[in-house]
Structures are given as C-alpha cells and as structure tokens.
Protein chains: 2
Amino acid sequence: MLRRAVDIADAAGVEALTMRRLADELGVEAMSLYHHVRGKGGILDGAVELVLDELAAAADASAVPPEDGGWRAAVRARLVAARTVMLRHPWAPDVMAARSVMTVGAARHVDAVVGLMRAGGLSYDLVHHGLHALGSRMFGFSPEIAEPDAGDEQGAEALAGMAELVPHLAAMLAEVAHDGATTLGWCDDQTEFEFGLDLVLDGLDRLARGSSAAD
Amino acid sequence: MLRRAVDIADAAGVEALTMRRLADELGVEAMSLYHHVRGKGGILDGAVELVLDELAAAADASAVPPEDGGWRAAVRARLVAARTVMLRHPWAPDVMAARSVMTVGAARHVDAVVGLMRAGGLSYDLVHHGLHALGSRMFGFSPEIAEPDAGDEQGAEALAGMAELVPHLAAMLAEVAHDGATTLGWCDDQTEFEFGLDLVLDGLDRLARGSSAAD
DNA sequence: ACCTGAACACCGTTCAAGT
DNA sequence: ACCTGAACACCGTTCAAGT
C-alpha cells in the first residue's frame with residue numbers, strides 16, 4: 001500500500017497522491033485506508049520512510065571506509081548516494097520539509113552522518129553546525145529556490161524583458177549559458193550539488209583542523 | 001488586496017489564504033477576485049512580490065558600502081537583512097519554492113547580489129556556482145529539513161525512544177542541548193543561518209583568491 | 001467593466017451501517 | 001476486525017446572468 005503510494009507520487013507527483021486515487025489503484029474504497037493508517041499524514045510519512053529505506057541501502061552499497069580519504073570523502077559518498085535515490089523520488093524532500101516530523105529513517109541517516117563526522121574527529125558542536133549548514137543537501141537535495149534559469153525558452157524570453165532591469169544577472173546568465181552549452185544546459189544540477197557540498201565540507205574540514213589562524 | 005493576502009498568510013499561514021477568505025475580508029464575493037488577478041497563482045505571486053519589495057527596502061537601508069570590508073561583508077549584510085524580512089513572512093520562501101517562477105522582485109534581489117560579487121572581483125562562473133551554493137540562504141532562509149530538535153518536549157521524548165537506534169545523534173543532541181541551555185534553546189536559528197552563510201562566503205572568497213594551492 | 005449566485009469537480013474526513 | 005456508502009465541510013474555478 002505504501003509501495004503503491006510511492007509509485008503514484010513518482011509517476012504523477014504528490015498532488016496526485018490522493019486518498020481516493022490510492023484506494024482506487026488498490027481496488028478498494030477510499031475509507032478503507034483509514035483502518036490501516038492514521039489519515040493522509042500517515043501515508044505521506046510511510047511513503048517517505050520507504051524512500052529512506054532505499055536511501056539507507058544505496059548509502060551502504062556505496063559506502064567508503066573512513067580510512068580511504070577521511071570523514072570528508074565518507075560523508076560525501078553517502079550524500080551523493082542519497083541524491084541518486086532522491087532524484088528518483090523528487091517529491092520526498094518536499095514532503096519531509098512540509099511534515100517536519102523526525103522519522104526513524106531520517107534519524108538513522110542523520111545518525112550515520114554524525115557518526116562519520118565524529119570518527120573524523122569533529123566535535124559534536126561542529127557536527128551540529130555542520131548539519132545545519134548542509135541543510136537539505138543532507139538528503140541529497142539542494143534547494144533550487146527561484147532558480148534564475150528554469151525553462152530554456154520561457155527563461156530566455158523573460159530575461160530579455162528584464163535585461164535592463166537586472167543587468168548583472170542578465171550578463172551572468174549570458175556568459176554562463178554560453179559556456180554551459182558544452183554541458184547539459186544552463187545549469188548542471190549534479191555539478192552544482194557537488195560544488196555546494198564540497199564548499200561546506202571543505203569549510204568544516206578547515207574549521208576542524210583549526211586553520212582559522214592561517215587566514 | 002495583495003496587502004490583505006500577505007496579512008492573512010502572516011497571521012494564519014498560507015493554508016488559510018483561500019480565495020473565499022480573502023474575498024470575505026475584502027467585503028466582496030470570491031469570484032470577483034478573478035477580475036483582478038489570474039487565479040490563485042496570481043495572488044500568491046503578487047503577495048511574494050510585496051514581500052520582496054519589503055526585502056529590497058530593508059536591504060537598501062542596511063547596505064554596507066563594498067569598500068568597507070569587501071564584497072563578502074556587503075553580501076552578508078544584504079542576506080542578513082533579507083532574513084529579517086522573511087522571518088516576518090515565513091511562508092514566503094515556501095511559496096517561492098513551490099511556484100518556481102522568477103518574478104521581477106526575486107530577479108532584482110539576485111541581480112544585486114551578483115553585482116556585489118562582481119564588484120568584489122569574482123568571475124561570473126564563480127558567482128553562478130555561489131548562487132547555487134547559497135540556495136535558499138539567498139533569501140534569508142536556511143532549509144530546516146527534518147530538523148532533529150523540533151519541539152522540546154516531543155523531540156526529547158521521541159529521542160529517548162530512539163537513543164539506542166541512533167547513538168551518535170542522541171549523544172550529539174545531549175551535548176548540544178546542554179551547552180545550548182545558556183542561549184535560546186537547542187538550536188539558535190539565527191546563529192545557524194549565519195554560520196552556514198559564512199561557511200559558503202568564506203569558501204567562495206577562498207576560491208576567488210585562488211588559494212587552493214595553499215591546501 | 002465589474003460583480004454575483006449557482007454549480008462543477010474535486011479534496012480529506014466522519015459516521016452509521018453493514019459483513 | 002474490516003470494509004462501505006452517504007454525507008459533511010471544505011477547495012479552486014467556470015459560466016451564465018445581472019448592473
């Protein structure tokens with residue numbers, strides 16, 4: 001049943017994951033669902049939990065022993081693995097953010113990251129700051145809030161109308177769009193994810209080594 | 001009318017911002033609204049735009065001349081100012097993320113940040129990566145996805161049940177909760193926002209100076 | 001041009017009734 | 001224990017009708 005909920009959200013988006021539709025696909029009446037879960041929230045939580053099981057499996061499969069490259073490489077490998085799972089379920093981070101309940105699956109993932117960082121010698125305090133700094137990257141997602149590039153045709157068109165209003169932005173996009181023609185488009189999300197991830201991990205590493213004196 | 005929409009969302013949350021309620025508070029029928037905006041989306045976009053006007057005013061008011069402390073301080077001041085506005089309208093970042101349309105207000109804010117970074121000598125390419133790395137921090141918000149601390153009573157209780165399941169996380173929270181007793185609680189959101197912001201800005205600054213050879 | 005009432009096609013959920 | 005039909009209180013939106 002939760003499996004089916006995940007399939008619906010994957011195929012048609014969370015907004016299509018409705019009690020009536022889920023019941024329909026299970027060949028049952030909508031009200032029957034209430035005998036097995038605590039309302040719609042229970043279904044969303046359960047679906048997220050299933051995705052987090054996938055995440056745990058993927059993270060284990062691609063785990064890097066902390067000896068090879070230190071905690072930084074180990075955390076990086078885990079979060080990049082998390083991303084491959086979340087890309088299959090792009091609605092999951094949104095649901096997790098909307099329903100801010102700490103499920104066991106989420107707690108275990110965070111726990112694993114904390115463990116890797118501690119093994120690398122970071123203080124609990126620094127680890128704690130680090131979790132906040134990672135934000136949604138912790139679950140393989142960077143928040144693409146109001147991304148200035150969006151759809152190619154509509155984005156370019158809207159930008160043309162704003163060119164004199166936002167000169168710096170227009171100039172940046174013109175240059176980046178040109179250079180990026182060799183890659184996947186204006187923005188390579190995977191590249192940007194890894195860039196931001198490395199920036200945070202490098203910063204934490206530097207703080208852990210107490211290299212602020214080197215500034 | 002958009003002003004009233006912002007007030008409703010501030011006071012009762014976005015989910016309370018409904019066509020019927022907005023019309024009611026304006027002493028008019030719900031269907032009249034469709035003669036002035038393009039459906040509910042238009043109202044959400046308009047409300048966000050109003051918030052972004054506030055943001056622009058706050059950013060201008062607390063602007064730091066680039067000469068004093070460089071681009072880093074200037075960008076920091078602008079994003080911290082953005083945060084004070086968004087804290088008054090916590091629904092705004094969510095709405096912006098949900099409706100991924102680049103409004104003029106959002107574009108102008110991003111443009112200003114790009115301008116400050118460029119004035120600091122950063123390449124368009126590095127600026128572009130930087131925008132992605134900043135993510136929602138660009139608009140004063142760090143994504144508190146599945147925050148492990150949440151409500152004090154419920155969080156502590158849930159954590160007790162998970163203590164043996166997530167040992168590292170439990171140990172971290174136990175220590176951080178203890179130390180943090182002197183401040184505002186387990187997590188000081190403002191502190192965490194500034195920590196993450198500085199981590200990203202420092203990282204960009206380092207890359208701009210080409211100090212990777214110093215590693 | 002602007003507003004209105006009734007209606008449509010949806011939601012999540014309650015509740016009494018069936019087996 | 002599990003399922004069901006009808007109903008309730010909502011949504012956003014369409015549409016013909018009013019002024």
Side-chain angles (χ1 to χ4, degrees), chain A residues 1-51 89-103 146 150-151 154, chain B residues 1-51 89-103 146 150-151 154:
Chain A
M1 157 178 174
L2 293 174
R3 178 80 258 152
R4 202 55 167 264
V6 170
D7 290 343
I8 293 175
D10 287 348
V14 239
E15 71 280 358
L17 177 52
T18 191
M19 300 298 275
R20 284 171 172 86
R21 167 151 181 188
L22 176 57
D24 250 39
E25 297 211 3
L26 292 168
V28 88
E29 224 59 26
M31 298 57 194
S32 309
L33 303 176
Y34 287 83
H35 290 273
H36 301 94
V37 280
R38 206 156 47 261
K40 173 137 195 203
I43 288 174
L44 290 176
D45 291 344
V48 164
E49 210 62 5
L50 230 56
V51 169
H89 314 287
W91 49 271
D94 293 346
V95 172
M96 291 175 68
R99 305 183 47 75
S100 60
V101 26
M102 194 60 172
T103 63
Q154 198 213 343
Chain B
M1 159 176 173
L2 293 174
R3 178 82 259 151
R4 203 55 167 265
V6 169
D7 291 343
I8 294 175
D10 287 348
V14 238
E15 72 280 359
L17 177 52
T18 192
M19 299 299 275
R20 284 171 173 86
R21 168 151 181 189
L22 176 57
D24 249 39
E25 297 211 3
L26 291 169
V28 89
E29 225 58 29
M31 298 56 194
S32 308
L33 303 177
Y34 287 84
H35 290 273
H36 301 94
V37 280
R38 207 155 46 264
K40 173 135 196 205
I43 288 175
L44 290 176
D45 291 345
V48 164
E49 209 61 4
L50 231 56
V51 170
H89 314 288
W91 49 271
D94 293 346
V95 172
M96 291 176 68
R99 306 184 46 75
S100 60
V101 27
M102 193 61 170
T103 62
Q154 198 213 344

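Every chain is numbered from 1 and lettered A, B, ... according to where its sequence line falls, protein lines coming before strand lines.
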Query raised in the report: Shortest non-hydrogen contact from A:M1 to A:H36?
Result: SD-CB, 4.3 Å
Requested in this report: Evaluate the side-chain proximity of A:R20 to A:D24: yes if any heavy-atom separation is below 4.5 Å, no if none is.
Outcome: no
Requested in this report: Enumerate the residues from residues 8-29 of chain A whose closest heavy atom to DNA chain D is under 4.0 Å, giving them by residue number; use none for an empty result.
Outcome: A:R20, A:V28, A:E29
Query raised in the report: Do B:L44 and B:W91 have side-chain heavy atoms sitting under 4.5 Å apart?
Result: no
Report summary line: When B:K40 and B:H35 are each assigned the nearest nucleotide of DNA chain D, the 5'-most assignment goes to B:K40
**Report entry** Side chain to side chain, B:L26 and B:L33, heavy atoms closer than 4.5 Å
**Finding:** yes
Report task. Please examine the side chains of B:V95 and B:V14, heavy atoms only from C-beta on, and report whether any two atoms are closer than 4.5 Å. Result -> yes
Requested in this report: Heavy atoms only: give me the nearest A:I43-A:L22 pair and the separation to one decimal.
Outcome: CD1-CD2, 3.6 Å
Report task. Mind listing the closest non-hydrogen atom pair of B:S32 and B:V28 along with its distance? Result -> OG-CG2, 3.8 Å
Query raised in the report: Is there a donor-acceptor pair under 3.5 Å between the side chain of B:R4 and the backbone N or O of B:E25?
Result: yes
Report task. Walk along DNA chain C from 5' to 3' and tell me the first and last nucleotide with an atom closer than 4.0 Å to a non-hydrogen atom of chain A. Result -> C:dC11 to C:dT14
Query - Strand DNA chain D as a dot-bracket string - pairs counted if Watson-Crick or G-U with both distances under 3.5 Å, | where the partner lies in another strand - result: ||.|||||...|||||.||
Requested in this report: Give the minimum heavy-atom separation between B:G39 and B:Y34, together with the two atoms involved.
Outcome: CA-CE2, 3.7 Å
Query raised in the report: Which pair of heavy atoms, one from A:I8 and one from A:A16, lies closest together, and at what distance?
Result: CG2-O, 3.9 Å
